[in-house]
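Residue numbers start from 1 in every chain, and the chains themselves are labelled A, B, ... in the order their sequence lines are given, proteins ahead of strands. All figures in this text were calculated on a predicted structure; none of them were measured in a lab.
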Amino acid sequence: MKKFYITTPLYYVNDQPHIGHAYTTILADVLARYHRSLGEDVYFLTGTDEHGQKIQHAAEKRGVDPQQHADEYVLHFTSMWEKLHIKYDGFIRTTEKRHTDRVKDVLNDFYERGEFYMAEYEGLYSVSEERFVTEKEVEEGGFREVIQLKEKNYFFKMSKYQDALIRHIKENPDFIIPSSRQNEILGFLKKPLGDLCISRPKSRLKWGIELPFDKEYVTYVWFDALLNYITAIEWKTDEACFNKWWPVDLQLMGKDIITTHAVYWTTMLMALGLPLPKSILAHGWWLSGGSKMSKSLGNVVRPLDLIDEYGVDPVRYFLMRDMVLGLDSTFTMDAFIRRYNSDLANDFGNLINRVTILIKKNFDGKIPEPGEFNLTDKELIDEAGRIPAEIHLLIDALKLSDAIETTTSLFRKLNVYLEKKAPWKAVKEDRSPKSSAATTMYVSANVLLIGARLLSPVMPSRIKDILSLLGSTSDNQAGYDFGLLTPGTIVGESRSPFPRIILDD
RNA sequence: GGCGGCGUAGCUCAGUAGGUUAGAGCAGUGGAAUCAUAAUCCACGUGUCCGGGGUUCGAAUCCCUGCGCCGCUACCA
């Protein structure tokens with residue numbers, strides 16, 4: 001059986017989840033569901049990153065200890081995922097023993113094999129921010145109490161993997177997606193790669209995994225967190241499990257942390273002697289009014305607010321449909337409502353009503369027995385037969401937006417088909433089994449079923465209702481073949497799954 | 001500063017081996033229909049493919065250049 005291992009980054013628990021977290025996680029969920037629907041064995045991993053300066057800081061601010069802070073904040077994420085209908089297979093927290101023990105193994109291993117060395121680093125340090133800053137950052141301002149600081153730390157010999165990394169990226173065009181990011185990383189790697197500082201002295205940061213070979217230091221949070229992708233699947237503790245899932249098929253992240261993954265994570269894996277991820281994907285940001293959403297700008301769109309108002313599935317649909325892979329996208333209520341009304345209310349929802357009501361009124365609510373298919377029937381049936389394969393190609397190419405648009409086009413074709421065959425007229429002539437009207441409704445319901453099932457990964461909850469409305473009972477029955485709804489299948493009462501949004505202004 | 005990318009209909013975007021009248025969805029206008037959520041269907045775009053130059057029989061697609069926008073530029077997540 002084909003496997004599919006997909007990950008989101010581990011989210012930092014210093015703040016509440018926002019639309020960026022939600023987007024990445026929904027994207028992972030949708031892809032995971034698509035792959036499950038193809039019968040693949042899927043492992044979808046997400047979790048939280050709980051060490052480091054910012055957590056310590058956030059905890060201090062609230063007057064609690066860091067672990068308690070993390071324990072509370074992780075719930076914001078898990079409850080958000082529940083509300084967004086995220087069906088993950090694994091959830092890992094970097095403060096769990098199964099993770100910290102393995103991180104220590106790696107640290108020891110690297111230490112013993114000479115992947116680390118100690119060196120003194122001297123640079124500009126902001127006492128107020130408690131971190132080193134670059135000259136550029138200082139020039140841009142915003143940092144107070146900047147001093148020159150010398151500090152001894154451990155470094156990972158990342159630089160020695162530079163050539164291997166460049167070669168791997170060039171030889172594997174799917175390694176970094178989209179290609180614009182790949183160019184960026186390659187451009188970045190034209191300059192000599194430095195080594196990575198992987199420790200922090202306890203004198204200025206206590207909240208982290210202690211270096212097993214030097215109790216004066218904790219581990220740099222990224223070095224710790226990135227390892228979750230292998231610790232969560234039982235690296236070193238369950239070989240069969242690890243070998244089943246590794247290497248990971250797809251790692252999702254926002255464009256802001258692509259370098260961390262493409263360079264740090266990748267070279268860490270090289271040092272570990274493990275195969276590299278098949279693909280890492282950097283997606284864009286959701287903007288609001290042309291700017292990145294930020295609390296200081298006061299333009300944050302809270303996913304939960306939208307969900308409360310319009311439901312989870314329309315929000316998932318919008319986020320998947322309106323962002324083009326790799327590009328930033330602007331979120332506006334206007335765009336959301338336009339998309340909802342045109343695609344979900346007008347095309348899809350109205351079609352569900354059309355079909356079910358016609359069957360209800362004219363065929364006692366049962367899928368009628370079809371007669372011989374004429375050219376018009378055949379054209380639509382052929383189309384419905386072609387589209388699933390087309391969509392699977394688009395999904396493989398990670399073109400979610402196009403895949404959804406393709407499904408919508410099937411609904412539009414079904415609407416055209418109905419206009420052509422006008423069953424509401426034909427039924428006046430003949431409504432007996434195998435009549436033109438009977439055939440039309442049989443074909444319509446079955447094509448609608450295919451289209452609905454193609455959207456199931458995007459809108460699992462509403463589609464489940466729609467499928468049962470159409471008389472499709474089991475959750476994941478065989479493929480996307482035409483004709484699963486056999487004559488006699490009872491069609492339910494439509495409750496307009498996507499009521500049109502009308503704004504009063 | 002260095003490296004890289006982008007600029008296609010009102011809006012969001014396709015258009016990667018240069019080739020007949022440049023496409024889709026949405027929005028807009030007119031019409032048809034009335035089974036359906038005032039939903040649906042049909043028809044309608046004189047778009048300088050950012051400007052300029054060049055290569056070519058022929059360029060949105062290649063090269064140069066000007067303007068505008070953006071990304072990356074290690075120890076910030």
Examine B:rU73: is either OP1 or OP2 under 4.0 Å from a nitrogen or oxygen in the side chain of A:Lys190? Give yes or no.
no

Sugar-phosphate, base or nothing in reach of A:Asn346, heavy atoms under 4.0 Å
sugar-phosphate

Minimum-distance nucleotide (side-chain atoms of A:Phe155 versus B:rG71, B:rC75, B:rG25):
B:rC75

A:Tyr417 side chain N/O closer than 4.0 Å to the phosphate oxygens (OP1, OP2) of B:rC41?
no

Searching all strands shown, indicate the nucleotide that pairs with B:rG47 (Watson-Crick or G-U wobble; both distances under 3.5 Å).
none

Where the side chain of A:Leu327 is defined as all heavy atoms beyond and including C-beta, which of B:rA77, B:rA14, B:rC42 is the nearest nucleotide?
B:rA14

Nearest-angstrom distance, C1' atom, B:rG15 to B:rC49:
10 Å

Evaluate the ring planes of A:Tyr23 and A:His283, with Trp represented by its six-membered ring, and classify them as parallel (under 30°), tilted (30 to 60°) or perpendicular (over 60°).
perpendicular

If we call it a pair only when both distances are under 3.5 Å in a Watson-Crick or G-U wobble match, what pairs with B:rC41?
B:rG31

Would you please test A:Ile367 and A:Met441 for side chain to side chain contact (heavy atoms under 4.5 Å, CB included) and show each step?
CA-CA 7 Å; A:Ile367 304 282; A:Met441 295 327 297; over 6 Å; no

Ignoring hydrogens and angles, answer whether the base of B:rA36 and the side-chain atoms of A:Asn350 contain a donor-acceptor pair closer than 3.5 Å.
yes

Looking only at side-chain N and O atoms, does A:Trp222 come under 4.0 Å of OP1 or OP2 in B:rA77?
yes

Identity of whatever pairs with B:rG25 - Watson-Crick or G-U, under 3.5 angstrom
B:rC11

Which of the following nucleotides, B:rG71, B:rC41, B:rU73, is nearest to the side chain of A:Lys191?
B:rU73

Touch check for A:Tyr220, heavy atoms < 4.0 angstrom, all strands: base, sugar-phosphate only, or nothing?
sugar-phosphate

Validation row: A:Phe116, A:Asp195 side chains within 4.5 angstrom (heavy atoms):
no

Examine the base of B:rC26 for any acceptor or donor lying under 3.5 Å from a partner atom in the side chain of A:Arg338, and report the outcome as yes or no.
no

Please give the distance between the P atoms of B:rC67 and B:rA9 as a whole number of Å.
23 Å

Give me the ring orientation class for A:Phe156 and A:Phe223: parallel if the planes are under 30° apart, tilted from 30 to 60°, perpendicular past 60°.
perpendicular

Base, sugar-phosphate, or nothing: which does A:Arg200 touch, judged by heavy atoms less than 4.0 Å apart?
sugar-phosphate

What's the gap between B:rU61 and B:rA77 when it is taken at their P atoms, as a whole Å value?
42 Å

B:rA59 - base-pair partner by Watson-Crick or wobble geometry, distances under 3.5 Å:
none

Would you call the rings of A:His69 and A:Tyr73 parallel, tilted or perpendicular, where under 30° means parallel and over 60° means perpendicular?
parallel

For B:rG68, the Watson-Crick or wobble partner whose two distances fall under 3.5 Å:
B:rC6

